[in-house]
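Take a look at the structure set out below.
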Amino acid sequence: MNELINKLEKNHKLSPQEWKRLIERDFPLEDLFQKANHVRHEIYGNDVYIRGLIEISSYCKNDCYYCGIRCGNQNAERYRLSKEQILECCETGEALGFRTFVLQGGEDPFFTRERVTDIVSEIKKRYPECAVTLSLGERDFETYREWFEAGADRYLLRHETADRKHYEKLHPPQMSFEHRMQCLRNLKKIGYQVGCGFMVESPGQTTETLAKDMQLITELRPEMVGIGPFIPHQDTKFKEESPGSLEKTLKLLALIRLAHPHVLLPATTALGTIHPQGRELGLKAGANVVMPNLSPKDVRKKYSLYDNKICTGEEAAECIRCLKLRVENAGYKIVEDRGDYK
């Protein structure tokens, strides 16, 4: 295993077979985490960037089999934030030191090209020093371009899996693997800082599919990669599946850091959901981003992608205070910075 890890450290690409070996073999992980931590420290130091997450809508036209806000879930509580509510979240966040706002939601037809353009333009007008990240699913090229021209800096679109058959296991027939991949290429072409990612140990995931995920990351060179453990939702077909493991998620975080040293890598809320120290352990495995919730307190539980999500009852100020202490206790520091890709 040391030979393959050394190849990654020297910026060599691994073959699918080599990725498979590295992912499936059991070996002591402490040394791997130290290497990943060292690489992250050389580029980003001990800085941890905060992104203010604003969950703008729990409506979604898609019926992804793993997701709690899929359109087929009759038990989901639906809401949409108004433009004024979104701007209030940004005002709160800016005062708390956030310099990036992430507008995330289901693929809600209400949030048209024009509506999102208007919202992004107003955020950039009021907070020109802040970055805007969008995570609003698959849209056409012209929509992505208009949002970019309005001031959106980054776009998060988890690819979920780089394997077509696995994608079809997780999504209904009307959703297209090819279209998801084309969207990522379009975002890169337009000029966004782009984020992809996947769930660790999602139903049907194999070592072969994970090897394809790692290859996609090394080929696409996204500025951000968001991975977290799969966590089942009680109102989906996968409700009886086991959640993804902490150890495997941390291992993959560290491998992504070594394979793509400059990447912006979140320690996700899902990690903190499966383990009380999950986000801190993620930072120690090479992550350098955390995404506290700026959404209004009364809607947080309604944005239920998976069961038992943490931080749904806290005000934004409580959330960031708690997170700052956790990050400092882990040996890192939260900085007031847009946190761009270096």
Side-chain angles (χ1 to χ4, degrees), residues 13-24 60-73 104 106-107 135-141 143-144 155-190 192 194-233 236-245 248-249 251-253 255-256 259-260 263 265 268 270 305-306:
K13 289 185 178 178
L14 302 188
S15 70
Q17 294 74 24
E18 287 174 322
W19 272 120
K20 187 171 177 294
R21 280 170 51 207
L22 195 51
I23 292 165
E24 68 186 3
C60 189
K61 67 181 179 63
N62 294 330
D63 204 21
C64 303
Y65 298 144
Y66 50 84
C67 183
I69 64 167
R70 62 192 179 85
C71 64
N73 181 9
Q104 183 180 74
E107 286 191 28
S135 183
L136 302 173
E138 297 179 18
R139 306 286 180 132
D140 62 56
F141 187 92
T143 298
Y144 285 149
Y155 203 100
L156 307 178
L157 181 66
R158 282 193 174 190
H159 67 280
E160 299 303 357
T161 174
D163 180 270
R164 184 194 317 276
K165 286 187 177 177
H166 186 210
Y167 185 91
E168 290 168 356
K169 181 178 176 68
L170 297 173
H171 301 89
Q174 59 267 35
M175 294 187 69
S176 161
F177 173 77
E178 287 80 9
H179 189 254
R180 181 66 61 99
M181 293 299 153
Q182 186 59 52
C183 284
L184 285 167
R185 290 191 289 271
N186 288 345
L187 290 162
K188 289 285 281 188
K189 185 176 181 181
I190 290 165
Y192 284 95
V194 176
C196 67
F198 56 88
M199 299 174 291
V200 178
E201 298 190 314
S202 61
Q205 189 177 76
T206 64
T207 308
E208 287 80 6
T209 64
L210 277 172
K212 289 182 180 180
D213 288 321
M214 300 303 279
Q215 275 203 298
L216 174 71
I217 289 164
T218 53
E219 289 165 11
L220 182 67
R221 308 302 285 177
E223 286 77 14
M224 303 163 281
V225 175
I227 73 165
F230 165 77
I231 302 176
H233 189 283
T236 69
K237 67 185 285 185
F238 297 131
K239 62 183 178 183
E240 303 296 338
E241 298 283 339
S242 300
S245 79
K248 192 162 193 176
T249 305
K251 179 181 180 180
L252 288 164
L253 279 171
L255 291 174
I256 290 168
H260 189 8
V263 74
L265 197 58
T268 60
L305 306 184
Y306 51 82

(message) Contact between Met224 and Leu156 at the side-chain level, heavy atoms closer than 4.5 Å - yes or no?
(response) yes

(request) Measure from the side-chain N and O atoms of Arg180 to the backbone N and O of Ala162, and report whether any donor-acceptor pair falls under 3.5 Å. (result) no

(request) Quick one: closest heavy-atom pair of Leu170 and Pro203, and the distance? (result) CD2-O, 3.6 Å

(request) Begin from the C-alpha positions of Asp213 and His159 and carry the test side chain to side chain donor-acceptor pair (under 3.5 Å) through to its verdict. (result) CA-CA 9 Å; Asp213 288 321; His159 67 280; 2.9 Å; yes

(request) Please name the residue in the list Glu241, His171, Lys239 that meets the side chain to side chain donor-acceptor pair (under 3.5 Å) test with Tyr66. (result) His171

(request) Find the distance between CD1 (Ile23) and CG (Leu252) and round it off to the nearest 0.5 Å. (result) 6.0 Å

(message) Keeping Thr209 on the side-chain end and Asp163 on the backbone end, is there a donor-acceptor pair under 3.5 Å?
(response) no

(message) Looking at Tyr192 and Tyr144, would you say the former's side chain and the latter's main chain have a donor-acceptor pair under 3.5 Å?
(response) yes

(message) Do the side chains of Lys212 and Glu219 get close enough for a salt bridge, i.e. N-O under 4.0 angstrom?
(response) no

(message) To the closest 0.5 Å, what do you measure between OG1 (Thr143) and CD (Glu138)?
(response) 12.5 Å

(request) Verify, without hydrogens or angle tests, whether Glu201 (side chain) and Ser242 (backbone) share a donor-acceptor contact under 3.5 angstrom. (result) no

(request) Could you walk me through whether Met199 and Arg158 pass side chain to side chain contact (heavy atoms under 4.5 Å, CB included), step by step? (result) CA-CA 9 Å; Met199 299 174 291; Arg158 282 193 174 190; 4.0 Å; yes

(request) Indicate the atoms forming the closest heavy-atom contact of Thr249 with Ile227, along with that distance. (result) O-CD1, 3.9 Å

(request) Could you tell me which residues satisfy side chain to side chain contact (heavy atoms under 4.5 Å, CB included) with Lys61, sequence neighbours excluded, listed by chain and number? (result) Glu107, Pro109

(message) Test side chain to side chain contact (heavy atoms under 4.5 Å, CB included) on Thr161 and Gln205; report intermediate values, then the result.
(response) CA-CA 8 Å; Thr161 174; Gln205 189 177 76; over 6 Å; no

(request) Could you pull out the closest heavy-atom pair between Cys196 and Ile217, with the gap in Å? (result) SG-CG1, 4.2 Å

(request) Kindly compute the distance separating CG (Asn186) from CD (Gln182), expressed to the nearest 0.5 Å. (result) 4.5 Å

(request) Could you please spell out the steps behind the side chain to side chain contact (heavy atoms under 4.5 Å, CB included) verdict for Glu208 and Glu24? (result) CA-CA 9 Å; Glu208 287 80 6; Glu24 68 186 3; 5.9 Å; no

(request) Could you verify whether a donor N or O on one side chain and an acceptor N or O on the other, from Ser202 and His166, lie under 3.5 Å apart? (result) yes

(request) Enter the distance from Leu157:CG to Leu136:CG here, rounded to the nearest 0.5 Å. (result) 10.0 Å

(request) Supply the atom-to-atom distance Leu22 CG to Met214 CE, rounded to the nearest 0.5 angstrom. (result) 8.0 Å

(request) For residues Cys64 and Met175, report the shortest heavy-atom separation together with the two atoms involved. (result) SG-SD, 3.6 Å

(message) Taking Phe198's backbone N and O only, do any of them form a donor-acceptor pair with Glu160's side chain (distance below 3.5 Å, no angle check)?
(response) no

(message) Using every non-hydrogen atom in the two residues, find where Ser15 and Glu18 come nearest and quote the distance to one decimal.
(response) N-OE1, 2.9 Å

(request) Would you indicate whether the side-chain heavy atoms of Pro232 and Pro243 approach each other to under 4.5 Å? (result) yes

(message) Rounded to the nearest 0.5 Å, what separates atom OH in Tyr155 from atom CG in Leu184?
(response) 10.0 Å

(message) Minimum heavy-atom separation for Arg70 and Thr236, please, with both atom names.
(response) NE-CG2, 3.9 Å

